[in-house]
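In what follows, a structure is listed as structure tokens, so that the remarks can point back to it.
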Protein chains: 4
Amino acid sequence: MIWNGVMPAITTCFDTNYAVDHKFMAEHCRWLLDNGCSGLVPLGSLGEGATLSFEEKIQILKTCFQAARGKAPVVGTISSLKTTEAVDLAKAAADAGCDALMVLPPYVYPGSWREMKAHVAAVIKATPLSCMLYNNPVAYVTDFLPEQIQELAQEFENLEAVKESSTDARRVSAILALLGERLEIFVGVDDMIVEGIAVGATGWIAGLANALPRESVELFNYAMTGDREKTFKLYHWFLPLLRMDTPPNFVQLIKLVQTELGMGNPRVRGPRLELADQELTQVQKAIRDSLRTRPNLSNMPAIPVAR
Amino acid sequence: MIWNGVMPAITTCFDTNYAVDHKFMAEHCRWLLDNGCSGLVPLGSLGEGATLSFEEKIQILKTCFQAARGKAPVVGTISSLKTTEAVDLAKAAADAGCDALMVLPPYVYPGSWREMKAHVAAVIKATPLSCMLYNNPVAYVTDFLPEQIQELAQEFENLEAVKESSTDARRVSAILALLGERLEIFVGVDDMIVEGIAVGATGWIAGLANALPRESVELFNYAMTGDREKTFKLYHWFLPLLRMDTPPNFVQLIKLVQTELGMGNPRVRGPRLELADQELTQVQKAIRDSLRTRPNLSNMPAIPVAR
Amino acid sequence: MIWNGVMPAITTCFDTNYAVDHKFMAEHCRWLLDNGCSGLVPLGSLGEGATLSFEEKIQILKTCFQAARGKAPVVGTISSLKTTEAVDLAKAAADAGCDALMVLPPYVYPGSWREMKAHVAAVIKATPLSCMLYNNPVAYVTDFLPEQIQELAQEFENLEAVKESSTDARRVSAILALLGERLEIFVGVDDMIVEGIAVGATGWIAGLANALPRESVELFNYAMTGDREKTFKLYHWFLPLLRMDTPPNFVQLIKLVQTELGMGNPRVRGPRLELADQELTQVQKAIRDSLRTRPNLSNMPAIPVAR
Amino acid sequence: MIWNGVMPAITTCFDTNYAVDHKFMAEHCRWLLDNGCSGLVPLGSLGEGATLSFEEKIQILKTCFQAARGKAPVVGTISSLKTTEAVDLAKAAADAGCDALMVLPPYVYPGSWREMKAHVAAVIKATPLSCMLYNNPVAYVTDFLPEQIQELAQEFENLEAVKESSTDARRVSAILALLGERLEIFVGVDDMIVEGIAVGATGWIAGLANALPRESVELFNYAMTGDREKTFKLYHWFLPLLRMDTPPNFVQLIKLVQTELGMGNPRVRGPRLELADQELTQVQKAIRDSLRTRPNLSNMPAIPVAR
């Protein structure tokens, strides 16, 4: 598994009955890959994984797998309130064709390191697939410290990457200082991508890429090649949108950006609600203000938006 | 529904295959009621609700209902990652014979008041059963403020109680000052029960009561009648044990106290793990030290421990 | 030293040149004692101690001492950024006639227990005066845990009281459970006074008492005698005002209440600024709304407001 | 004023009587500048400014000024509990020869933006000296947001730099995106220097530079020129030491590193205490382990350590 580049944590599209819209999702996946993304990460928080049944999850993985056609890896997100269910999901994800897994700590219970290790180890051991550990203490309380990540990396060969969403760029340096090239480090919060790459990250589990894949890929490439001027120019334009990846209602925000760009709809499943009233108007205005000054990207072949 | 007294948030007992041990649970329920508890609250955090399937939850409710034999209400805990599932669970709980519901905010997603209100309102409206709102910002981030509780109480007649687990006794005063006798206030953290009663709480969703129901009921009664001397004496003895109700691993701790008293076993489902090694030894010693100086309760008929 | 009753943390009154108005302060002190307060605590946070020079502090202590005329103790607040200065201040406070000292951890530096103990121990040892330790982790980060307070109480006989401002009523129980009657416990946040007394506190370092001493004394007495009905009625009326004791700008708020009642002016020293514009109007309205329904207190001799 | 390069927040050296050791400080200043530092920042937190009297502060500024001989700017730190004292100190610092000021929010009182703005504005307006705003919400609670920094920059021409110590590298990007080249951004936490430079910082208010100026300057230069390989190699070696700049007892830690390198002593003023016992031994071992693998710096003229 090559852990590298911009891999969108893809949103889950719902139809008017709030059932999963597989047709759109397949189209969305192809469009993301056509525009330079290097992988697909369904079922995450941004994919409203918490509201998807086991069976829905497997169907979505299959849809992504078929859309990717082997052109790019599909990374299934494994999260559950219960360890045995997480293990079952990992196995089913492998059967559904996933190339790799993104492994979360258990929701709701922020236990001791012994417990959190046991949970993620059970998932990592469940299949031979390459795994990425997802560290997000802001959302899940559990904080996988660099030393603990090292411990896992020493015990499990198929742990090959870590997604850092602590919002603290210093963590990237700390993991790299401890582990060198043993793991690939992915940035998991959009508005820290340049900071993270600057200290050694080589991948991006991306949010706004769902709506703006080419800008995301371009930013990633500028930052990786160290072109400071182009990086800053694009980053400073992009930041107001990229910051929509960090508040609790980031799913609603990112789906709104997709909607504005004709690539999706704003529907979310409860407990999330679509933005409404003044808040909706303000966010729409902010999105449109940003898009009005959208830069003209030239160094990639122009790919028409799918619809 | 009479919201009053000591209602244990009962633990879920597992057999050696980690299946629910209904036989023990029925016995446990009867023993709790025989020792003065005024209701049963299954499927909560202490009941490891997050690891129970929908079907397991309904079976446990039925077991509790049969054990209670109409002598005391069964309050089903309604929590889910997804609003529609929470509604389905509420309806199924009513069908299973529940007398009332304890309503949680959605796990994992700490949304806006509009969203959190929509979620709990959907559950409250799902059945005509009396409801208790559960406020626990420490565990669930969502914090139902007194003004918001007031708003819910005005809109939903069957919202009749609130469980306060913010650990801030001032919240009890604040709710009472705002709502008077409209709602009954239950304390949801064991080591704040005397503080809470002193400012107006009239019930206790209790943890250690799973192992020490008579001491819990006695403490509750002393505090309700304002017998300061007896209250303090019993409370100060009890506090080291009652504090086991507050750390993240409270399920393991309380199951250990039950085990020491011959009323249960320490088994938990992953991601929780049983305590081990030095930590286990230390906790066992602390429990035994407390039990060695267990007070002799005299003003209630002695009820033999079931096994 | 009798540690008991309602002791206002008195505000420092400034004249139009922002010099200390000793004449008013003497009058204020007498009025507070005439209306039932049992002691005076100058130089605290509410006294804007951080903006007072060493010499100003000593002059204020002298003014309080003369106003008290031996009728009630004066408790000097000892706080400093530097240990040696805190010791010097303690000695000078004793020389100025103080009956007791309230001992704060050092501002700004939240060090280890070894360091914080060394600092407060240096102050406690500096004079033979009775001392009250002030615990306020919200404002000063340093948190004196019950076990640490016990350690200090065992080493220093003249440590006779503790002021609890953690906002967690459970701390009162914890200290009492550990130390019994060795220390008197004072509540340091106005909106927790009833909760604190209910679990064993016997004193109140009070804020709103600067403006409403009789209501404060009455509430304290009701709570101490366990008259639940009268306590709740007065407390629920008083709470919107008592809560003005907890936000960072509590000095401005309490001085505004004093001003509304003709007992002081709103002037504060920078970095604090007087409230202005819409915020001022809102707070004034809230104060006036509360005062309009001010209860008629009857069981104390009526003492005319001084001006 | 050229805001650029590595400017140590210099420690304050005490003699055996805990008086300021001006002779050593002068020597230390010269040694820092000889080894590539571009300025001197006395009286900060690392300089134990909170324990220095007004007069001591002015004397230290004079010592630094004389030691710098115009070769490099002296930046006086202005912090006080009281606005008028901060203004007086700013004026006296200008008189003592300071080239610029580092402006802190008031200690202890974390007020509203209106209040915090008034405080720092009073200091900035007090002299025509170039000013650097110091943002450290971790230590001072007050958080100067990028939009607020912009507001200050628009009103005060002599505000020319900002020191970012929020530990969040994204703040550097946010300030730069908003303000472009209007302000120079300095990183204020040692273990974020590479992250900060990568997104636009051009200076470093440095801690470990007190003991290791050449390594600090070298790291800064590598990072500024974008030499990724050399930067990472030096940074990863340096990180265990650079992290000593962030805990509350950073003064003691950095003075210990100085002591190990023969450039200072470990004495601190109370409330700080020197490390002792096991903690001292562990830290000394960690320092010595790092120094044993100290890299051989070659691209700068070798400057002999002063003693």
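Side chains included, hydrogens not; waters and symmetry mates left out as well; all remaining heavy atoms used.
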Report task. Check whether more than 12 heavy atoms from other residues, nucleotides or ligands sit under 6.0 Å from atom CG of Asp289(B), and answer yes or no. Result -> yes
Query - Within 6.0 angstrom of Ile2(C) CD1, more than 12 heavy atoms from elsewhere - result: no
**Report entry** Identified side-chain contact (heavy atoms from CB on, under 4.5 Å) partner of Val199(C) from the options Arg228(B), Met192(B), Glu195(B)
**Finding:** Glu195(B)
Query - Enclosure of Lys117(B) NZ (heavy-atom neighbours >12, cutoff 6.0 Å) - result: yes
Requested in this report: With a 4.5 Å cut-off on heavy-atom pairs, point out which of Val172(C), Thr167(C), Leu178(C) contacts chain B the most.
Outcome: Thr167(C)
**Report entry** Structural part of Thr246(B) lying under 4.5 Å from a heavy atom of chain C
**Finding:** side chain
Requested in this report: Take atom CD of Glu157(B) as the centre, draw a 6.0 Å sphere, and report whether it contains more than 12 heavy atoms from other residues, nucleotides or ligands.
Outcome: no
Requested in this report: Pick one of side chain, backbone, both or neither for Leu176(C), based on which atoms fall under 4.5 Å of a heavy atom in chain B.
Outcome: both
Report task. Select one option (side chain, backbone, both, neither) describing which atoms of Ala174(C) are under 4.5 Å from chain B's heavy atoms. Result -> both
Report summary line: One option among Gly226(C), Ala177(C), Ala223(C) has the most heavy-atom pairs under 4.5 Å with chain B, and it is Ala177(C)
**Report entry** Worked verdict on Ser173(C) versus Val194(B) for side-chain contact (heavy atoms from CB on, under 4.5 Å)
**Finding:** CA-CA 9 Å; Ser173(C) 295; Val194(B) 173; 5.8 Å; no
Query raised in the report: What part of Asp168(B) gets closer than 4.5 Å to chain C, counting heavy atoms only: side chain, backbone, both or neither?
Result: side chain
